[in-house]
Amino acid sequence: MRDEGPAEPATGPGPDRFGVAVRPVPETDTVVLALVGELDRDTVRPLWQAVEECPQSGRILVDCSGLGFCDSSGLNALLRARLRALEAGGCVELAGLRAPVDRMFEITGARGVFRVYGSMAEALSERGHGSDGAHGTER
């Protein structure tokens, strides 16, 4: 895991299409994954690599405020990350879902699986994380 400050985005095909930055939150078990761009089957690899760098027993907070698009491949990666974290006693939570991405999560039912915060500020103000990842879901 990268252990200092904001990381440079790791990008997939097309440097402007997708990036993910890994940022540990000091003095907590939280790691923020800041997603930017379009998450699809061609760009999902950097997300999965970033998830694998995170300690699974902690809280992985995915900042989606910069994510403009997410297809089923991106959703599948997030769901797999969530299951992996749950098995280790951790969780994956989402923050800042923009309308197009939020709608996809809503239509597929995945929104009810994750704990979702309206903003990163709201998510970071939460001190703990739930074991089921879904209760307390916010709009």
Nearest non-hydrogen partners of [X] and [Y], listed with the distance:
X     : Y      : answer
Ala95 : Ala123 : CB-CB, 4.1 Å
Leu39 : Leu35  : CD2-CD1, 4.4 Å
Ala50 : Leu33  : CB-CD2, 4.1 Å

Find out whether [X] and [Y] are in side-chain contact, i.e. whether some heavy atom of one side chain is under 4.5 Å from a heavy atom of the other.
X      : Y      : result
Val116 : Arg111 : yes
Leu94  : Phe105 : yes
Glu87  : Gln56  : no
Leu78  : Leu47  : yes
Pro100 : Arg98  : yes
Val31  : Pro55  : yes

Open item on the list: Set out, in order, the CA-CA distance, both residues' side-chain angles and the distance that settles salt bridge (charged side-chain N to carboxylate O under 4.0 Å, His left out) for Glu126 and Arg115, then state yes or no.
Closed with: CA-CA 11 Å; Glu126 291 287 317; Arg115 185 163 190 175; 3.6 Å; yes

- [ ] Can you measure from CZ (Arg17) to CG (Asp42) and round to the nearest 0.5 angstrom?
- [x]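 Those atoms lie 5.5 Å apart.
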
Task: Any donor-acceptor N/O pair, Glu52 side chain to Trp48 backbone, under 3.5 Å - done: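 Here the side-chain-to-backbone pair does not exist.
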
Open item on the list: Heavy-atom count check: over 12 atoms from other residues, nucleotides or ligands less than 6.0 Å from Arg84 CZ?
Closed with: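 More than 12 heavy atoms, drawn from other residues, nucleotides or ligands, come within 6.0 Å of this atom.
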
Task: Residues which pass side-chain contact (heavy atoms from CB on, under 4.5 Å) with Leu79, listed by chain and number, not counting sequence neighbours - done: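 Residues passing side-chain contact (heavy atoms from CB on, under 4.5 Å) with Leu79: Leu75, Val113, Phe114.
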
Task: Partner residues of Ser72 under the side-chain contact (heavy atoms from CB on, under 4.5 Å) criterion, sequence neighbours left out - done: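 side-chain contact (heavy atoms from CB on, under 4.5 Å) check on Ser72 returns nothing, list empty.
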
Less than 3.5 Å apart, which donor and acceptor atoms pair up between the side chains of residues 60-71 and the rest of the protein, not counting sequence neighbours?
| unit_1 | atom_1 | unit_2 | atom_2 | d |
| --- | --- | --- | --- | --- |
| Asp63 | OD1 | Ser65 | N | 3.0 |
| Asp63 | OD1 | Ser65 | OG | 2.7 |
| Asp71 | OD1 | Ser73 | N | 2.9 |
| Asp71 | OD1 | Gly74 | N | 3.3 |
| Asp71 | OD2 | Arg41 | N | 3.4 |

